[in-house]
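This report refers to the structure that appears directly beneath it.
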There are 2 protein chains.
Amino acid sequence: MSGAVQRRITIKDVAEAAGVGVATVSRVLSGGSASAETRERVLAAAARLDYRPSALGRNLRRRRTGGIGLLVPDITDSFYARLADGVLACARSYGEPVTVGVTGDDPEREAELIGTLIEQSMDRLIAVPSGDGEMWAPALRAGLNVVFADRRGRHDVPSVVPDDRAGVLTAVEYLAGLGHRKIAYLGRHGQSQRVAAFTAALASLGLPADRDLVVHARSSRDSAYAAAAGLLQHRPDVTAVIAGGNVLGEAAVLAARELDVRIPRDVSLIMFDDVPWAELCSPPLTVIAQPAQDIGYRAAELVLRQGRRPPAVTLPTQLVVRASCGPRVATSRR
Amino acid sequence: MSGAVQRRITIKDVAEAAGVGVATVSRVLSGGSASAETRERVLAAAARLDYRPSALGRNLRRRRTGGIGLLVPDITDSFYARLADGVLACARSYGEPVTVGVTGDDPEREAELIGTLIEQSMDRLIAVPSGDGEMWAPALRAGLNVVFADRRGRHDVPSVVPDDRAGVLTAVEYLAGLGHRKIAYLGRHGQSQRVAAFTAALASLGLPADRDLVVHARSSRDSAYAAAAGLLQHRPDVTAVIAGGNVLGEAAVLAARELDVRIPRDVSLIMFDDVPWAELCSPPLTVIAQPAQDIGYRAAELVLRQGRRPPAVTLPTQLVVRASCGPRVATSRR
DNA sequence: AATCATGATGGAATCGTTTCCATGAGTGGA
DNA sequence: TCCACTCATGGAAACGATTCCATCATGATT
């Protein structure tokens, strides 16, 4: 290790080096009025000393902090990773740092993380809310500027979400068009929006809307697998499955393979969220693509713009047909 | 929207409510000495007012900031997402917030992000360094506590890395055992460590170490595809490819499919990094699994522990055999 | 009984910035 | 010539915490 750690350079050092007062330095650096000559002297001194204003001091004084918080259920999930990437891309263009927390879809952990963020005086927060969004009240009261992403938690918080209703409808219509009548939805807990859209879609097409046709998993891989396997095993009459996310889709493919259910011959599969491996999979998966990155980007824009915000932004999804869906064969499986 | 935004509750409010001085409140809350009765009064007041100490004030006074910075090339890449997850898991157990930046493997962007982090008075930083790590000198001089992850940038910075040498050797030996003699390495720029290990491994097994057998891509998907396609097209004599990361592996599979090169019949493929879809791929990919999450976790431990740190931690990799490698067929491809 | 040690307590300084306000210099107009 | 006005400038307060230090009460020791 080379040099000793040097004391932080403060505005006072710059003021001294430039032969002016600290107020003047502050003014020059934040674009206030100053004579051309002083401005030059200050700028030169700041550059020479490699001065960087302390965000701590600034934020303390300004009683707000730059920076935005981001809470996602699982950064390992491609969807949320892309969402986070969108947020980071937008934040970077504003020069704002982003503090990320992983909630694991656990409201308790979420509350804990919100607490940490408030302690940091974060006043802007983008979150994929877990639970029903009830515990957000204290955070909102604390003056937090919140935008929800991917899920519409409460109605008094602006949100950026994919068009679940249209996405589900497209998927159901596509499958119905292939002759499927028993279509199941394999989802995560808390996707009430989509489930509603699903049953509505079934109804509108005159398909049976059996209650057991929607299966819920928790957000872990194991739980997803169990749910998928259970569905495939106990319901030989369903000939098509809509998986409500990429880990659900992965679980469905794995479970089908394990149970010797062939896709698409025995069951057709549509997965929400287009991930790179959907094309690599065998068979390549037909998906409802979601603009994950855009969702993040738009959410960041919303939270960074101070003006009043629209209550909800809905971004379109898109059906990408590959090879995991086929016409229904006349005979039921097995 | 319901209530008005309320003023932040400060230590002064708590002191007043408890009928004591601010110093006493601070002492009680940070575990200093106080009489049982005062302690109780203070704690009660703090709880009643839902007081949260401001990290800004604390950090400003303490002249250090909690919190750790994390710089990764691409949060969308499963490997780095898992690495980040490890960091976040460890940081959470210490209650430390993590600020994430995406460098895109661009030294300039990296330097910019380091600047932002320094302004935030972050004093702890975990980074997957891009470039050769030369521009880290100013950051280190600024007293930053840095740990490198995944890549060993400079030798005066502790690092947590996978055992590339052993991983590469295992892969090469495995392929050689299947009869392959022309083995190519498809890597990213900056993987000098692995390339060295690769040529060493070839040499130790008496295999030809043609210079053209290592192909470099930039870290974008497009660049990876181009490199993979180029390799497959122009070198019909290579019968086995080692892909140095999951996006490289994905590109190789895609390119092979496009060029009608069959895996494993025409070429065998080993991919660095075990991702969930490796098993879903057709054929399922044989991989060198890397403990991405562990790397992140250990790096976070290192950067959070104040004690002196070991210069480098190396974590083992593991060969996971699936179905993308086969014996060399006598005839060359094409 | 006088002194000393101990421990609880609060006042005030400090961290690095922004911003209010007072001061002083210079300019234009009456 | 003098006044009013603008403009640059620097001192000082404030933000919210921690921590040094002095003070004071209490119990113990000689």
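The structure displayed is predicted, hence computed values, not measured ones. In what follows, chains are A, B, ... by sequence order, proteins preceding strands, each numbered from 1.
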Can you find a side chain N or O atom of A:Ser54 that sits less than 4.0 Å from OP1 or OP2 on C:dC15?
-> no
Return each pair, listed once, that meets ring pair (Phe, Tyr, Trp, His ring centres under 6.0 Å) where at least one residue sits in residues 86-138 of chain B; pairs must be two or more places apart or across chains.
-> B:Trp136-B:Phe148
Using modelled atom types only, decide if a donor and an acceptor are shared between the side chain of A:Arg124 and the backbone of A:Asn145 within a distance under 3.5 Å.
-> no
Would you say the side-chain atoms of B:Arg41 pair up with the backbone N or O of B:Ala18, donor to acceptor, closer than 3.5 Å?
-> yes
NA contact type, A:Gly57, heavy-atom cut-off 4.0 Å: base, sugar-phosphate, or nothing?
-> base
Across the strands shown, which category fits A:Arg39 at heavy-atom distances under 4.0 angstrom: base, sugar-phosphate, nothing?
-> nothing
What is the distance, to the nearest angstrom, from the [atom1] atom on [X] to the [atom2] atom on [N]?
X        : N      : atom1 : atom2 : value
A:Leu60  : D:dT18 : CG    : P     : 12 Å
B:Leu56  : D:dA14 : CG    : C1'   : 14 Å
A:Asn59  : D:dA14 : CG    : C1'   : 15 Å
B:Arg63  : D:dG16 : CZ    : P     : 21 Å
B:Glu16  : C:dG11 : CD    : P     : 12 Å
B:Asp13  : D:dC15 : CG    : C1'   : 13 Å
B:Gln120 : C:dG16 : CD    : P     : 16 Å
B:Arg41  : C:dT9  : CZ    : P     : 8 Å

B:Ser35, nearest nucleotide to its side chain (from D:dA8, D:dC15, C:dT9) | C:dT9
Looking only at side-chain atoms of A:Ile11, point me to the closest of C:dT18, D:dA17, D:dT9.
-> C:dT18
Take nucleotides 19-28 of chain D nucleotide by nucleotide from the 5' end and write B, S or -, depending on whether a protein heavy atom sits under 4.0 Å from the base, only from the sugar-phosphate, or from neither.
-> B---------
Can you tell me how far OG1 of B:Thr99 sits from CD of A:Glu96, rounded to the nearest 0.5 angstrom?
-> 11.5 Å
Any side-chain heavy-atom pair from B:Val98 and A:Val100 closer than 4.5 angstrom?
-> no
Closest non-hydrogen contact found for B:Arg27 with B:Ser33 is CD-O, 3.8 Å
Residues, nucleotides or ligands: over 12 heavy atoms within 6.0 Å of A:Arg298 CZ | no
